Amino acid sequence: MNKKITKFEQEVYEACSRIPLGRVSTYKDIAVYIKRPSSARAVGNALNRNPYAPKVPCHRVVRSDGSLGGFALGSLKKEFLLSHEGLKILKGKIRDFKQSRYSFE
DNA sequence: GTGTTGACCACAG
DNA sequence: GCTGTGGCCAACA
């Protein structure tokens, strides 16, 4: 049952699950949170594999410029889910992204 | 051990 | 505003 993954992935998933509903975070913010400030790409990689698929709200993670970035289940799904959590999507980007963005403590 | 790939980021033009 | 380029890190062949 226990999937053998690296600590890096564990940190990524934990960070995702910390994002409250109605908020979003960025790959960069997660990277910083897990002490890998320059590995935003690796963060995206971990989510793409997503061994914790429905367990973690990975759709709340977007790119640094507020665009949705990618999504294993389809970018449309991501946009739909975010819209349903009270966020506004405008032309494939988060509206008021700066305000909706959540920072880990 | 080496090279490629990827849900990225920042900068230059 | 968009496109191209270099760089970063981890997983995979």
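Because the structure is predicted, anything quoted here is derived from the model rather than measured. A, B, ... follow the sequence lines: proteins, then strands. Residue 1 opens every chain.
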Between the main-chain N or O of Leu68(A) and the side-chain N or O of Lys78(A), is there a donor-acceptor pair closer than 3.5 Å? yes
Is the side chain of Ser75(A) donor-acceptor paired with the backbone N or O of Phe71(A) at a distance under 3.5 Å, no angle test?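 No, because the side chain of Ser75(A) does not come within donor-acceptor range (under 3.5 Å) of the backbone of Phe71(A).
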Thr26(A), Asp65(A), Leu90(A), Leu87(A) screened by side chain to side chain contact (heavy atoms under 4.5 Å, CB included) with Phe97(A), the one that passes: Thr26(A)
Could you tell me whether Asn50(A) contacts a base, only the sugar-phosphate backbone, or nothing, with contacts defined as non-hydrogen atoms closer than 4.0 Å? base
Check every strand shown and say whether Thr26(A) touches a base, only sugar-phosphate, or nothing at a heavy-atom separation below 4.0 Å.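 The residue Thr26(A) makes no contact with any strand.
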Just how far, in rounded Å, is [atom2] of [N] from [atom1] of [X]?
| X | N | atom1 | atom2 | value |
| --- | --- | --- | --- | --- |
| Ile34(A) | dC8(C) | CD1 | C1' | 13 Å |
| Arg41(A) | dA10(B) | CZ | C1' | 13 Å |
| Ile30(A) | dA10(C) | CD1 | P | 15 Å |
| Leu47(A) | dC9(C) | CG | C1' | 14 Å |
| Ile19(A) | dA7(B) | CD1 | C1' | 13 Å |
| Lys35(A) | dC9(C) | NZ | C1' | 17 Å |
| Lys91(A) | dC2(C) | NZ | P | 10 Å |
| Tyr13(A) | dA10(C) | OH | P | 14 Å |

Taking the side chain of [X] as its heavy atoms from C-beta onward, which of [options] lies nearest to it?
| X | options | value |
| --- | --- | --- |
| Ser38(A) | dC8(C), dA11(C), dA7(B) | dC8(C) |
| Ala72(A) | dA7(B), dA10(C), dC9(C) | dA7(B) |
| Tyr27(A) | dG6(B), dA11(C), dC8(B) | dC8(B) |
| Arg63(A) | dG7(C), dA10(C), dC9(B) | dC9(B) |
| Lys28(A) | dC12(C), dC8(B), dA10(B) | dA10(B) |
| Ala42(A) | dC9(B), dC9(C), dC8(C) | dC9(C) |

How do Asn45(A) and Ser64(A) order along DNA chain B: which one's closest nucleotide is nearer the 5' end? Asn45(A)
Mutual orientation of the aromatic rings belonging to Phe104(A) and Tyr102(A) [parallel < 30°, tilted 30-60°, perpendicular > 60°]: perpendicular
Is the closest side-chain donor-acceptor distance between Tyr27(A) and Arg41(A) under 3.5 Å? no
Indicate whether OP1 or OP2 belonging to [N] is found under 4.0 Å from a side-chain N or O atom of [X].
| X | N | value |
| --- | --- | --- |
| Arg49(A) | dC12(C) | yes |
| Thr6(A) | dA11(C) | yes |
| Arg36(A) | dA10(C) | yes |

